[in-house]
There are 4 protein chains.
Amino acid sequence: MQQRLAANRAQIVRAARRLIARGGFREASMVAVAAAAGLSTGAIYRYFPSKAQLFIEVLTAAVAHEIELLEQIAGAPGTAALRLQNAVETFARRALEGRNLAYAFIAEPIDAEVDAARIRSRREFSEVFQRLLRDGIRSGEFCRQDAEASAACIVGAFTEALVGPIAPGGKAVGPQTRAQLIAAISQFCLRAVRA
Amino acid sequence: MQQRLAANRAQIVRAARRLIARGGFREASMVAVAAAAGLSTGAIYRYFPSKAQLFIEVLTAAVAHEIELLEQIAGAPGTAALRLQNAVETFARRALEGRNLAYAFIAEPIDAEVDAARIRSRREFSEVFQRLLRDGIRSGEFCRQDAEASAACIVGAFTEALVGPIAPGGKAVGPQTRAQLIAAISQFCLRAVRA
Amino acid sequence: MQQRLAANRAQIVRAARRLIARGGFREASMVAVAAAAGLSTGAIYRYFPSKAQLFIEVLTAAVAHEIELLEQIAGAPGTAALRLQNAVETFARRALEGRNLAYAFIAEPIDAEVDAARIRSRREFSEVFQRLLRDGIRSGEFCRQDAEASAACIVGAFTEALVGPIAPGGKAVGPQTRAQLIAAISQFCLRAVRA
Amino acid sequence: MQQRLAANRAQIVRAARRLIARGGFREASMVAVAAAAGLSTGAIYRYFPSKAQLFIEVLTAAVAHEIELLEQIAGAPGTAALRLQNAVETFARRALEGRNLAYAFIAEPIDAEVDAARIRSRREFSEVFQRLLRDGIRSGEFCRQDAEASAACIVGAFTEALVGPIAPGGKAVGPQTRAQLIAAISQFCLRAVRA
DNA sequence: CATGAATGAGGCTTCATTCAT
DNA sequence: GATGAATGAAGCCTCATTCAT
């Protein structure tokens, strides 16, 4: 029934997300997605008209979820600085946990359609940070600056922790090291914007 | 003779770099590389055992060149702050000009081997910034901080300007806008590390 | 009950005929036929054991209808020449109107079974013209000739007007041009058989 | 070398032609063409950029050959009637021998590109007959008539002998029957156009 | 009986790699 | 050594047919 279909659809998206997160678009072939979702390749096409559309949905769904979280944090009461710190730390932590976000920021052009969706998603994501920065600039907590560029820098900074060379690749890292890294990143960003 | 072989090898690497820079790994098929190098596909395999190995060499060669430039800047006389500013601006500018570097930082996992090389290259690149930061911390110009994390943040920050949503995608951007963006990025990074 | 089943069956055949007439066998997938018939794909298989059998029925039903029309014309009172002219013009007109018949004559081999049915249908169709020709030969209106071959030539002649290069492809054609074409075809056929 | 390539190309075209002639476009899958040509599927794409382009070449090459033959006959000295008879008989004979032409006239739409080429080819073919008819009308041998429509009728008439129900399908037919059929067709056409 | 989601083979196309010339 | 035609596996997608509900 209805439920089963929705479950399958979600299963497909999850499978695609998992594969992309693990090995990039390269490893997320339709055959692999179907196998990981426990369906036949043909079945995928009942739910998505093409590989590009599936990937776009995976991307936008993941980013939508992250943005929701982000806006809760950004819209909470408190100083802009605290909210920024909270946002950066939350997302650095999520990134380090390898959840949901990584692949959305990866850049290799796979397909014009998908790429357009990726750019849109990144912009939306970045805009939440921009608004937070403008709040702080208005209230005098943050120095005057190009909020658009700074938002990009912040996103880039903690994204780098995710895919960059200091990201804990295969080797397991203790929770302490992790906490230190997150703290370092958030301090970096706060210093960069503070008045 | 020896010279001709070396010339061919260099020609292949250059051709591959050009193609990757233009359209990502996706456009750099072995046939395209061979054609661009003025050789046959078979000949490529006299110089490189596989596509992965060729790409690894392309990557490391490009990064080696960038690191050379970077170390000149980082090792020049002057305050750490000025050298950092110089380094960040130079690389932001190079990235915006779409030269050589971009693909080395943004590539999605094409191949496990290539990806390992990419991570190594990023680390080397990041390490130059680390040394610069440590210099500044020692001299008191920069505040005490996790140099490794900050270096990653700096690299991430200007990389984001390259592939992120504020990057000048297709539309040409005036030199003034460009200069403003670069200035904004470098100011961001300097504020973040300064004492 | 019985009636409902028969109605469904007829509905399926009509849906298939409509789709084939519009876009050829290529557009008549089982899913499309089912949708057009307001039934599920599975239901089609309660009425027809396979796609081939459905198409065969579509074909023979359509041709049976055409033959009925044709025999009315051929069996009407009047000279053989008039009846032939009437028959040719009627079918040229029907063909130009894109009704029902076209695909039965022009289909390429989709399936061995279907093709056999197509050939049989064409023969039946042609035989009505043969009988008309024999009438005319017997009465002296038409010259002595191989009636079987002539019938085939007549059918071919106006079929060509349907799918051939002078057929009004996409561009709409005025009723005058149409009438002229039909007249030209029927004159051609009459001259060919007249004593 | 050069020769081998040309031979392969010709082999591919021949293989495709053979398959199309036997079972229509339906049986001429790229895999089947490759197998029949003694090559791998990938190899086909060294010679033709797509299935559509291969089929277009097969079509136009075959028709070009037929048109060459046809123009020799149409351009020979002699009365228009004799030349028309000669042309019709030659092509009826060729059609009965199942050579080269059949598939070029078959109508199932496979692909927009291929279909456009098919229509063009048919038109070219028909135009040779048109010119012959106009010759005869000018010289008074043929009655006044719509040459375009008559040419289509002639082509249709003998094409019908090829794919129609009286065409000797599987059963072998004696040379006498064959000759009679051809004579009947040509007589039909001549009567249809004569003054 | 009807539904329509699921299957799975098969179609077109690409491309890293090999090997006869 | 160099060439580039050939291979063949793999990718995306379609669709006739089946079967659990």
DNA chain E nearest-nucleotide lookup for R4(A) and M30(D): closer to the 5′ end is R4(A)

Judged by each residue's nearest nucleotide on DNA chain E, which is more toward the 5′ side, A32(D) or A52(B)? A32(D)

Watson-Crick or G-U wobble partner for dT21(E), using a 3.5 Å limit on both distances? dA2(F)

Any strand: nucleotide that pairs with dT7(E) via Watson-Crick or wobble, under 3.5 Å: dA16(F)

Using heavy-atom distances to pick each residue's nearest nucleotide on DNA chain F, tell me which of V31(A) and G42(D) is more 5'. G42(D)

Closer to the 5' end of DNA chain F via nearest nucleotide, is it Y45(A) or A43(B)? A43(B)

Identify whether any heavy atom of [X] sits under 4.0 Å from a base atom; if not, whether one sits that close to sugar-phosphate; answer base, sugar-phosphate or nothing.
{"X": "Y47(B)", "answer": "sugar-phosphate"}
{"X": "S40(D)", "answer": "base"}
{"X": "I44(A)", "answer": "nothing"}

Rounded to whole Å, please give me the gap between [atom1] in [X] and [atom2] in [N].
{"X": "Q53(C)", "N": "dT17(F)", "atom1": "CD", "atom2": "P", "answer": "11 Å"}
{"X": "R9(A)", "N": "dG4(E)", "atom1": "CZ", "atom2": "P", "answer": "18 Å"}
{"X": "R26(C)", "N": "dC13(F)", "atom1": "CZ", "atom2": "P", "answer": "16 Å"}
{"X": "L5(B)", "N": "dA2(F)", "atom1": "CG", "atom2": "P", "answer": "6 Å"}
{"X": "E27(C)", "N": "dC15(F)", "atom1": "CD", "atom2": "C1'", "answer": "15 Å"}
{"X": "I12(B)", "N": "dA2(F)", "atom1": "CD1", "atom2": "C1'", "answer": "11 Å"}
{"X": "L54(A)", "N": "dC13(F)", "atom1": "CG", "atom2": "C1'", "answer": "13 Å"}
{"X": "F25(D)", "N": "dC12(E)", "atom1": "CZ", "atom2": "P", "answer": "13 Å"}

Can you tell me which nucleotide in [options] comes closest to the side chain of [X]?
{"X": "K51(C)", "options": "dT17(F), dC12(E), dA2(E)", "answer": "dT17(F)"}
{"X": "R46(A)", "options": "dA2(E), dC13(F), dA6(E)", "answer": "dA6(E)"}
{"X": "L39(B)", "options": "dT3(F), dT3(E), dT7(F)", "answer": "dT3(F)"}
{"X": "S29(A)", "options": "dC12(F), dC12(E), dG1(F)", "answer": "dC12(F)"}

In this structure, CZ of R26(D) is separated from CZ of R26(C) (nearest 0.5 Å) by 9.0 Å

Intermediate values then yes/no, side chain to side chain contact (heavy atoms under 4.5 Å, CB included), M30(D) and I44(D): CA-CA 8 Å; M30(D) 290 304 258; I44(D) 307 277; 3.6 Å; yes

Looking at every non-hydrogen atom in both residues, tell me the closest pair between T60(D) and S121(D) and how far apart they are. CG2-OG, 4.0 Å

To check you understand the geometry: which heavy-atom pair defines the closest contact between V58(D) and A16(D), and what is its length? CG2-CB, 3.7 Å

I'd like to check E27(B) versus I20(B) (side-chain heavy atoms, cut-off strictly below 4.5 Å). Are they in contact? no

Strictly below 4.0 Å: does N8(C) bring a side-chain N or O up to OP1 or OP2 of dC1(E)? no

Under 3.5 Å, is there any donor-acceptor pair linking the side chain of T41(B) to the base of dA5(F)? yes

Could you tell me whether R17(A) and E57(A) make a salt bridge, using a distance below 4.0 angstrom between a side-chain N and a carboxylate O? no

